Amino acid sequence: MEKQNSLERICQALAAIPKGRVVTYGDLAEMAGYPRAARLAGQTLRKLPRGTKLPWHRVINAQGRISLPEPGASRQREKLEREGVILLKGRVDMGKYRWKP
DNA sequence: TGTTTGACGCTCC
DNA sequence: AGGAGCGCCAAAC
């Protein structure tokens with residue numbers, strides 16, 4: 001029986017996101033098995049340690065924008081661009097980068 | 001056990 | 001097109 005907490009599941013879903021692609025919090029939550037729980041995804045990611053190997057930066061809101069307050073926002077943007085995800089006007093082209101399996 | 005909180009999403013103005 | 005408000009879900013207090 002999977003006694004896995006949301007953290008575990010979210011992490012797994014997160015690890016499934018290919019490089020150069022992004023997903024919304026809602027999608028991530030759904031992938032983790034919590035449809036409609038987009039907020040949960042965000043709150044869970046918030047707990048992740050800094051040196052996390054997980055691609056937490058590939059998660060953005062449905063508007064294609066970075067939801068993080070300042071400290072991490074810049075960091076996330078840099079990581080995304082580094083993977084090839086271009087932010088135009090601080091926005092990501094969901095039509096192209098949104099992970100669509 | 002009940003209430004509040006969020007790295008959200010969608011609709012309406 | 002941009003901004004505001006209401007709704008959802010699970011975890012934390």
Side-chain angles (χ1 to χ4, degrees):
Chain A
M1 344 272 234
E2 292 96 37
K3 196 100 179 280
Q4 306 193 351
N5 8 352
S6 58
L7 184 70
E8 291 280 328
R9 310 187 74 159
I10 295 289
C11 286
Q12 294 210 20
L14 193 57
I17 304 171
K19 187 186 103 179
R21 289 293 165 94
V22 296
V23 297
T24 68
Y25 292 92
D27 289 342
L28 183 64
E30 188 175 9
M31 288 161 62
Y34 295 92
R36 304 297 169 240
R39 286 178 170 273
L40 176 65
Q43 257 187 139
T44 305
L45 293 179
R46 188 181 184 277
K47 298 169 190 165
L48 293 176
R50 299 180 187 171
T52 282
K53 59 178 181 175
L54 296 169
W56 59 269
H57 52 273
R58 291 176 192 156
V59 185
I60 57 182
N61 60 32
Q63 300 174 16
R65 275 205 179 257
I66 297 178
S67 298
L68 270 75
E70 252 326 302
S74 302
R75 213 145 28 83
Q76 180 171 17
R77 187 177 61 187
E78 187 178 341
K79 284 172 180 268
L80 285 174
E81 292 192 349
R82 189 183 246 179
E83 293 190 351
V85 180
I86 304 169
L87 279 83
L88 198 54
K89 283 295 199 295
R91 284 181 248 169
V92 176
D93 189 330
M94 300 304 280
K96 292 181 181 178
Y97 299 106
R98 189 177 190 184
W99 187 41
K100 250 198 152 249

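Below, chains carry the letters A, B, ... as their sequence lines are ordered, and counting in each starts from 1. Everything numeric here is computed off the predicted structure, so don't read it as measured data.
- Atoms CG and CG, on A/Leu7 and A/Leu48 in that order, are 6.5 Å from each other to the nearest 0.5 Å.
- Non-hydrogen atoms lying under 4.0 Å from DNA chain B are contributed by A/Ser67, A/Leu68, all within residues 66-94 of chain A.
- Minimum heavy-atom separation, A/Tyr97 to A/Val92: CD1-CG1, 3.7 Å.
- Identified under the side chain to side chain donor-acceptor pair (under 3.5 Å) test for residues 76-87 of chain A, with sequence neighbours left out: A/His57-A/Glu83, A/Arg58-A/Glu83.
- Distance check, rounded to the nearest 0.5 Å: SG of A/Cys11 to CG of A/Leu28 gives 9.0 Å.
- Proximity of A/Arg36 to the phosphate of C/dC8: no side-chain N or O atom is located under 4.0 Å from OP1 or OP2.
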Under-3.5 Å N/O pairs linking protein and nucleotides 10-13 of chain C:
from: C/dA11; atom 1: O3'; to: A/Lys47; atom 2: NZ; distance (Å): 3.2
from: C/dA12; atom 1: OP1; to: A/Lys47; atom 2: NZ; distance (Å): 3.1

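- The interatomic distance linking A/Glu30 (CD) with B/dG9 (P) rounds to 12 Å, in whole Å.
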Collect all protein-nucleotide pairs involving nucleotides 4-7 of chain C in which both atoms are nitrogen or oxygen and the distance is under 3.5 Å.
none

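- Listed by residue number, the members of residues 13-21 of chain A with any heavy atom below 4.0 angstrom from DNA chain C form an empty set.
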List, with names and distances, any nitrogen or oxygen atoms from the protein found under 3.5 Å away from nitrogen or oxygen atoms belonging to nucleotides 11-13 of chain B.
none

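- Closest approach of A/Asn61 and A/Ser67 over heavy atoms only: ND2-OG, 3.0 Å.
- The closest side-chain heavy-atom distance from A/Thr24 to A/Val59 is not below 4.5 Å.
- For the residue pair A/Ala13 and A/Ala32, the shortest heavy atom distance occurs at CB-N, 4.0 Å.
- A distance of 11.0 Å separates CG of A/Leu54 from CD1 of A/Ile10, quoted to the nearest 0.5 Å.
- Interatomic distance, A/Trp56 CH2 to A/Leu45 CG, rounded to the nearest 0.5 Å: 9.0 Å.
- A/Thr44 contributes atom OG1, which lies 11.0 Å from atom OH of A/Tyr25 (distance to the nearest 0.5 angstrom).
- Not one N or O on the side chain of A/Arg98 forms a donor-acceptor pair closer than 3.5 Å with the backbone of A/Val22.
- A/Leu14 is listed as a side-chain neighbour of A/Pro55, based on a closest heavy-atom distance under 4.5 Å.
- One interatomic measurement links the two molecules: CD of A/Gln63 to C1' of C/dA1, which rounds to 12 Å at whole-angstrom precision.
- Cluster membership for A/Leu40 and A/Ile60, using ILVMFWY side-chain heavy atoms within less than 4.5 angstrom, is not shared.
- In this structure, CG on A/Leu80 lies 5.5 Å from CG on A/Leu87, to the nearest 0.5 angstrom.
- Paired with A/Arg65 under the rule side-chain contact (heavy atoms from CB on, under 4.5 Å), one option of A/Lys89, A/Met94, A/Arg91 passes, and it is A/Arg91.
- If you take CG of A/Leu28 and P of B/dG9, they are 10 Å apart, rounded to a whole angstrom.
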